[in-house]
Amino acid sequence: MSEAPTRHDVSEAALQLETKQLGELQESRNELLSRVQNLKKDLQDWRFKLDSQVKTYRTELGDLRKTLNTEVDQLRTEFQELRHTLREQLEATSSLAIMDDEQKDE
C-alpha cells in the first residue's frame, strides 16, 4: 500500500523547490552583476583610452598648427623680401633704360 503524501510532505517539497529556484535566481543575479561590473570597467577603460587619444591628437594638432603658422609667416617674409628685391631690380632696370634712352638722344 502506498501512502498518500501528507500536507507536510507537499509543503516541504514546495519549500525545497522554491529554495532551489531562489538559489538559481541568486546565482543568475550574481552572474549578471558580475557581467555588468565587467562591462562598466571595460567602458571606463575605453573612455580612458579615448580621452588619452583625444589629448594626444589635440597636442599633435596644436603642434602642427604652430609649425604651419611659423612656415606661413616665414613664406610671407620671404615673399615680401622677394617683392622688395624685384621692385629694386625693376627700378634699376628702368633707370638704366632711361639713361640708355638719354644717351641715344644725345
Side-chain angles (χ1 to χ4, degrees):
M1 246 180 156
S2 76
E3 294 182 17
T6 64
R7 182 177 266 190
H8 175 71
D9 292 338
V10 172
S11 294
E12 194 171 313
L15 182 61
Q16 287 177 353
L17 180 62
E18 285 181 7
T19 303
K20 181 181 175 189
Q21 288 175 339
L22 282 174
E24 290 171 356
L25 287 173
Q26 185 64 34
E27 185 179 328
S28 177
R29 178 182 177 270
N30 290 340
E31 288 175 11
L32 288 173
L33 285 174
S34 176
R35 288 171 60 186
V36 167
Q37 288 173 345
N38 288 337
L39 288 171
K40 282 183 178 179
K41 186 181 180 321
D42 290 347
L43 181 61
Q44 285 176 333
D45 292 345
W46 180 79
R47 282 183 178 166
F48 178 76
K49 288 177 185 177
L50 185 62
D51 286 345
S52 295
Q53 285 179 335
V54 167
K55 287 177 185 176
T56 300
Y57 292 152
R58 282 186 177 165
T59 301
E60 288 176 5
L61 282 174
D63 292 346
L64 288 172
R65 186 178 298 128
K66 288 176 188 176
T67 301
L68 180 62
N69 287 337
T70 300
E71 290 179 7
V72 166
D73 287 342
Q74 185 177 356
L75 284 172
R76 273 193 194 117
T77 302
E78 289 175 10
F79 277 122
Q80 287 173 350
E81 291 172 0
L82 181 60
R83 184 182 304 144
H84 179 72
T85 302
L86 288 174
R87 280 187 186 147
E88 286 179 347
Q89 288 177 354
L90 184 61
E91 288 172 5
T93 304
S94 296
S95 296
L96 286 176
I98 291 173
M99 290 173 56
D100 191 37
D101 286 344
E102 287 175 356
Q103 287 178 354
K104 286 182 185 176
D105 288 343
E106 291 177 3

L15 and T19: which non-hydrogen atoms are nearest, and at how many Å?
-> O-OG1, 2.7 Å
How many angstroms lie between [atom1] in [X] and [atom2] in [Y], if you round to the nearest 0.5 Å?
X: N69; Y: R76; atom1: CG; atom2: CZ; result: 8.5 Å
X: I98; Y: E91; atom1: CD1; atom2: CD; result: 10.5 Å
X: L33; Y: N38; atom1: CG; atom2: CG; result: 11.0 Å
X: L75; Y: L82; atom1: CG; atom2: CG; result: 11.5 Å
X: S28; Y: L32; atom1: OG; atom2: CG; result: 4.5 Å
X: D42; Y: R35; atom1: CG; atom2: CZ; result: 12.0 Å

Test item: S34 side-chain N/O and N30 main-chain N/O as donor-acceptor pair under 3.5 Å = no
Check the hydrophobic clustering (I, L, V, M, F, W, Y; side-chain heavy atoms under 4.5 Å; chains of links allowed) and say if F79 and V72 are grouped together.
-> no
Quick one: are [X] and [Y] in side-chain contact, heavy atoms under 4.5 Å?
X: E27; Y: E31; result: yes
X: L86; Y: R83; result: no
X: Q37; Y: K41; result: no
X: K55; Y: R58; result: no
X: E60; Y: T56; result: yes

K20 and Q16: CA distance, side-chain angles, deciding distance, side chain to side chain contact (heavy atoms under 4.5 Å, CB included) verdict = CA-CA 6 Å; K20 181 181 175 189; Q16 287 177 353; over 6 Å; no
Residue pair H84 / Q80, side-chain donor-acceptor N/O under 3.5 Å | no
Before giving the answer on side chain to side chain contact (heavy atoms under 4.5 Å, CB included), spell out for Q26 and L22 the whole-Å C-alpha distance, their side-chain angles and the decisive distance to 0.1 Å.
-> CA-CA 6 Å; Q26 185 64 34; L22 282 174; over 6 Å; no
